[in-house]
Number of protein chains: 2
Amino acid sequence: MNEKEKALIEAKANVLKSLAHPTRLWMAEQLAEGEKCVCELAENIDADFSTISKHLSVLKQAGVVEDEKRGKMVYYKLKVPCILKYMPCVEAVIRAKMEEQTVLFK
Amino acid sequence: MNEKEKALIEAKANVLKSLAHPTRLWMAEQLAEGEKCVCELAENIDADFSTISKHLSVLKQAGVVEDEKRGKMVYYKLKVPCILKYMPCVEAVIRAKMEEQTVLFK
DNA sequence: ATGACATTTGGTCGTTTTACCATACGTGCA
DNA sequence: TGCACGTATGGTAAAACGACCAAATGTCAT
């Protein structure tokens, strides 16, 4: 693996990592419906505002979302919407695992 | 968000997390070509065997890969191959970010 | 300007992750 | 049976992460 491939793998892993947290994944899924301000996202998250803000910052750093300040509020939206098209496959992994465990009881 | 939704989000985040490490993502990509034994994967990774084994164990726990022991060797393969179909979109995120940074020099 | 509001930033601390080393386990061959 | 080989497991230390609190920033209305 050369330097370039290594850098690409690291970059990809980083994008995945940004989504690999329940709160951040949930936020991204919410944004799939359209842009939302931080306050709207925060309504349904039981965590400090500063925590929420930091999670959004991680997604932004990763390039998954972008923000725009309008008045007092900051709006976030998905930057590359396909980023969530993947979830059915992720769910397939989970289903496969659950089925396997279910078999143990038969 | 009810308990069930919460559990699903956590499960999904967990699958993503298993892939959100350069070494593990690289391994998964290698396995897309077909099953490989630990020794084959190890050839191209600069890390301790125990480290490699633990990474594979994380992928297995997450349900992304499965293993099969044949003789002295253990073979791993992708369990749900679609899990890598996503990478083009992940790369799109990276490209978008890079283009943005490039613009800064114009 | 002042205060209230929405969000971000800095600091601290407990938890999790990751890498390495040493060691254990299971398998096939001498 | 004993040894070498391929892989997994346990322990430990360093680094990264995530949550909270406190305080800063920027914006709007007064």
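Order of the sequence lines sets the chain letters (A, B, ...), proteins ahead of strands, with each chain counted from 1.
Between B:His55 and C:dT17 there is no side-chain polar atom (N or O) within less than 4.0 angstrom of OP1 or OP2.
Counting to the nearest Å, the C1' atom of D:dT7 and the CD1 atom of B:Ile45 are 14 Å from each other. Residue A:Glu68 contributes atom CD, which lies 13 Å from atom P of D:dT27 at whole-angstrom precision. Regarding B:Asp67, its CG atom lies at a distance of 13 Å from the P atom of C:dT27, rounded to whole Å. One atom, NZ of A:Lys72, and another, C1' of D:dG26, lie 11 Å apart when rounded to the nearest Å. Distance CG (B:Asp48) to C1' (D:dA13): 15 Å, rounded to an integer number of Å. Protein atom CG of A:Leu41 is 10 Å distant from nucleotide atom P of C:dT8, rounded to whole Å. When rounded to the nearest whole Å, the span between CZ of A:Arg24 and P of D:dC17 equals 9 Å. Going from atom CG of A:Leu56 over to atom C1' of C:dT7 covers 10 Å, rounded to whole Å.
Minimum interatomic distance between B:Gln30 and B:Leu41 (heavy atoms only, all atoms of both residues): CB-CD2, 3.8 Å. Closest approach of A:Lys97 to B:Gln61, counting heavy atoms only: NZ-O, 2.5 Å.
A:Thr23 comes within 4.0 angstrom of no nucleic acid atom, judged by non-hydrogen atoms across all strands. When heavy atoms are screened at a 4.0 angstrom cut-off, B:Ser57 is found touching no nucleic acid atom at all. Using a 4.0 Å heavy-atom cutoff across all strands shown, B:Lys17 reaches sugar-phosphate atoms only and no base atom. At a threshold of 4.0 angstrom between heavy atoms, the contacts of A:Arg70 with the nucleic acid are absent. Note on B:Tyr76: only backbone sugar-phosphate atoms sit closer than 4.0 angstrom, heavy atoms only; bases stay farther off. Across all strands, A:Ala42 comes closer than 4.0 Å to no nucleic acid atom at all (heavy-atom distances). Heavy atoms of B:Lys54 sit under 4.0 angstrom from at least one base atom.
Checking side-chain atoms of B:Glu40 against main-chain N and O of B:Cys37 turns up a donor-acceptor pair under 3.5 Å.
Of the candidate nucleotides D:dA19, C:dA19, D:dC20, C:dA19 has the atom lying nearest to any side-chain atom of B:Thr51. The side chain of B:Cys39 lies closest to D:dT7 when the candidates are D:dT7, C:dT9, C:dA19. Out of C:dA19, C:dA6, D:dC20, the shortest distance to the side chain of B:His21 is found at C:dA19.
Ring planes of B:His21 and B:His55: tilted class, angle from 30 to 60°.
Sequence order on DNA chain D of the closest nucleotides to A:Ser50 and A:Lys69 puts A:Ser50 first from the 5' end. When each of A:Val58 and B:Val74 is assigned the nucleotide of DNA chain D with its nearest heavy atom, B:Val74 is the one assigned upstream, toward the 5' end.
One finds the CD1 atom of B:Ile52 at 9.5 Å from the CG atom of B:Asn44 (value rounded to the nearest 0.5 Å).
At a threshold of 4.5 Å between non-hydrogen side-chain atoms, the residues B:Lys79 and A:Val93 do not count as touching.
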